[in-house]
Amino acid sequence: MSLLTRTLKGSLGFLLANVVGRGSGFLFIVITGRLLDVRAFGLLTLGLTIASLARKVFAFGIPNTVQRFLSGDEEPDTRRIYGSTVLITGGLALIGATALYWGTPYIAYTVVDDPALVAPLQILSATVGLGIVFTVSKAVLQVREHALSFASVDAAFGGMKVGLAAVFITTVTATATAGAWAVVGAYVSALLVFGACLPRLDITPSFDDLWTSTRRLVSYSAPLLVVGIGFYVAQQADRLMLGALDSAESVGLYTAASTLALTLTVVHQAVGRILMPIISEAYTEGNLREACRTYRTSTKWVALINGVGFFLLVGVGEQILGLFGPEYSAEGVHAALAILGGLYFVATWLGPTGVFLQMTDGHKLESVNTVIFVISNIGLNYLCILWAGVLGAAIATTASGLLRNGLQVAQMVRLHGFNPVTASQLQIGGVVLTGSLILWVGQFSLALSVLVGMALTGLLVGLVIRDTSAEEWQLAKRIKAKALGG
């Protein structure tokens with residue numbers, strides 16, 4: 001099986017998981033945004049952001065490390081690494097949950113200066129421990145390429161989160177604590193599903209020579225810890241600093257815009273997940289050239305899909321934001337959505353650059369990139385939030401994100417002579433960015449926006465078809481035949 005075939009085949013399963021995960025996450029935000037007032041919604045999303053940051057810190061980069069060491073056949077060394085992963089994950093989960101629970105009063109009273117955050121955040125401290133186990137479990141399913149089990153775990157988490165939130169808020173209490181309990185229940189449900197999937201997992205842990213395997217695991221995880229924490233801090237600096245410098249209401253408004261913009265990463269993340277073990281194996285075997293070709297092909301199709309999605313966010317984003325409530329469709333929130341959408345389109349247009357570096361021994365460079373990302377994003381957010389609130393947060397996050405993407409591409413070229421930007425990609429990017437600018441400046445009616453978007457989509461499809469090879473067409477036909485039962 002060629003790497004391209006393997007990538008597309010695996011990506012279909014992870015795409016399903018990402019659609020389920022992002023779709024349920026979007027529904028959770030819409031439901032809680034509509035059922036809670038803006039302040040309660042802001043407190044909930046701020047608490048979720050802080051708890052997620054704690055999970056990143058105490059996970060110690062383990063979810064990314066297993067992508068490097070648990071791929072391939074079930075060899076003794078692989079099983080020992082898996083055994084160390086199991087023990088370390090359990091310990092980190094317990095420490096993380098305890099630390100956030102006891103640290104919540106300090107965060108609420110001193111950092112955020114909002115006592116109302118104490119109750120939901122202490123409930124969410126349980127999600128630190130549960131979430132670490134959940135994330136590492138999903139990473140194991142991912143690296144072993146159990147896409148359907150991965151999707152099942154995601155579906156259990158997303159479905160229960162949405163369902164429990166609707167039930168708790170409407171029948172128990174319309175406060176942030178109801179949403180917090182819903183998330184706790186969702187993690188418990190997902191881990192029960194993972195437990196049911198364990199008998200089908202094609203690897204078993206070994207606890208022999210734990211010291212050697214643990215030392216190896218920790219030494220590789222340390223740089224990835226910096227990458228993971230730094231990337232998350234930088235990625236969430238906008239919400240955290242809006243909560244500290246502005247208000248919980250601003251966090252709620254911004255969360256609606258950023259959640260919509262993040263839908264552009266659904267397909268991109270599915271491809272990135274399946275490419276992680278593939279690039280790692282290709283690099284180890286000295287076959288990076290074919291992996292690079294696969295990277296370019298998959299990225300081209302992702303750019304097409306996300307280009308259409310970006311047109312949608314710019315053209316009719318105001319109407320979509322109205323799903324959260326009338327206060328969310330203000331012009332400033334729509335502008336923040338368009339700016340963040342531009343960032344995520346460019347990031348996916350370049351492909352999973354961070355994955356490529358991490359899987360080709362560029363993880364130390366990624367640590368440097370992340371430090372730069374953190375410093376620039378925090379500094380820009382501080383200045384821009386004071387200047388323009390929600391819109392300023394979007395501008396700052398986009399500027400720092402583009403800086404990081406530029407550094408990653410430069411390092412890929414310098415280390416491996418691989419430039420993900422081709423002439424075809426430049427044409428696709430030019431059409432998308434120019435077309436989105438036309439949609440924004442034109443301020444067309446809903447019907448005209450749809451017509452202009454359809455015309456731009458047709459142009460994009462034509463560009464991609466012209467650049468599609470015979471091998472890609474044959475692969476598409478095989479996938480179609482399999483999907484139709486042929």
Side-chain angles (χ1 to χ4, degrees), residues 25 28-29 32 36 39-63 85-139 156-157 160-161 164-165 167-169 172-192 194-195 218 221 225-226 228-233 235-237 239-244 248 251-252 255:
F28 176 78
I29 294 297
T32 53
L36 298 173
R39 172 167 167 73
F41 178 63
L43 286 171
L44 174 61
T45 54
L46 185 58
L48 288 169
T49 301
I50 294 169
S52 295
L53 175 58
R55 283 199 301 275
K56 284 288 184 183
V57 172
F58 289 99
F60 200 72
I62 300 296
T85 300
V86 171
L87 292 179
I88 291 174
T89 299
L92 292 172
L94 181 61
I95 294 169
T98 304
L100 182 59
Y101 182 85
W102 291 111
T104 289
Y106 175 80
I107 295 171
Y109 285 97
T110 306
V111 179
V112 180
D113 192 23
D114 194 336
L117 183 63
V118 172
L121 188 55
Q122 284 193 324
I123 295 169
L124 288 170
S125 65
T127 69
V128 176
L130 294 169
I132 290 172
V133 178
F134 173 76
T135 305
V136 174
S137 300
K138 284 178 57 180
F157 176 70
M160 291 301 292
K161 184 169 68 171
L164 291 176
V167 172
F168 289 170
I169 293 174
V172 182
T173 176
T175 62
T177 57
W181 279 117
V183 177
V184 173
Y187 273 120
V188 172
S189 301
L191 289 175
L192 289 174
F194 174 73
V218 170
S221 293
L225 171 66
V226 176
I229 295 174
F231 181 71
Y232 189 82
V233 167
Q235 195 178 43
Q236 301 296 330
R239 297 187 197 185
L240 293 170
M241 296 184 73
L242 273 170
V251 177
T255 297

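Since the model is a prediction, treat every value here as computed from it, not as a measurement.
- Of all non-hydrogen atoms in Ala93 and Val133, the two that sit nearest each other are CB-CG2, 3.9 Å.
- Nearest approach of Ala182 to Ala165, heavy atoms of both residues: CB-N, 3.4 Å.
- For the pair Thr177/Phe168, no side-chain contact is recorded, criterion being any heavy-atom separation below 4.5 Å from C-beta on.
- When all heavy atoms of Pro120 and Ala116 are compared, the closest pair comes out as CD-O, 3.3 Å.
- Contact check for Leu48 versus Phe28: side-chain heavy atoms found under the 4.5 Å cut-off.
- Using bins of under 30°, 30° to 60° and over 60° for the plane-to-plane angle, the ring pair Tyr187/Phe157 lands in the tilted bin.
- Leu121 is not listed as a side-chain neighbour of Tyr101, based on a closest heavy-atom distance of 4.5 Å or more.
- Nearest heavy atom pair, residue Val128 against residue Ala97, reads CG1-N, 3.8 Å.
- For the pair Phe134/Thr127, no side-chain contact is recorded, criterion being any heavy-atom separation below 4.5 Å from C-beta on.
- Residues Lys161 and Ser189 are not in side-chain contact: their nearest non-hydrogen atoms beyond the backbone lie 4.5 Å or more apart.
- Of the possible polar contacts, none joining the Thr135 side chain to the Ile132 backbone as a donor-acceptor pair under 3.5 Å is found.
- Interatomic distance, CG of Leu130 versus CG of Leu124, reported as 11.0 Å (0.5 Å rounding).
- When side chains are defined from C-beta on, Met160 does not count as touching Val183, because their heavy atoms never get closer than 4.5 Å.
- Taking the side chain as every heavy atom from C-beta outward, Leu100 and Ile50 approach each other to under 4.5 Å.
- For the pair Ser137 and Leu191, the tightest heavy-atom approach, listed with the atom from each and the gap, is OG-CD2, 4.4 Å.
- Closest of all the heavy-atom pairs between Leu46 and Arg239 is CD1-O, 4.0 Å.
- Using a 4.5 Å heavy-atom threshold, the side chains of Thr89 and Leu92 count as separate.
- Distance check: Ile95 CD1 to Phe58 CZ gives 7.5 Å after rounding to the nearest 0.5 Å.
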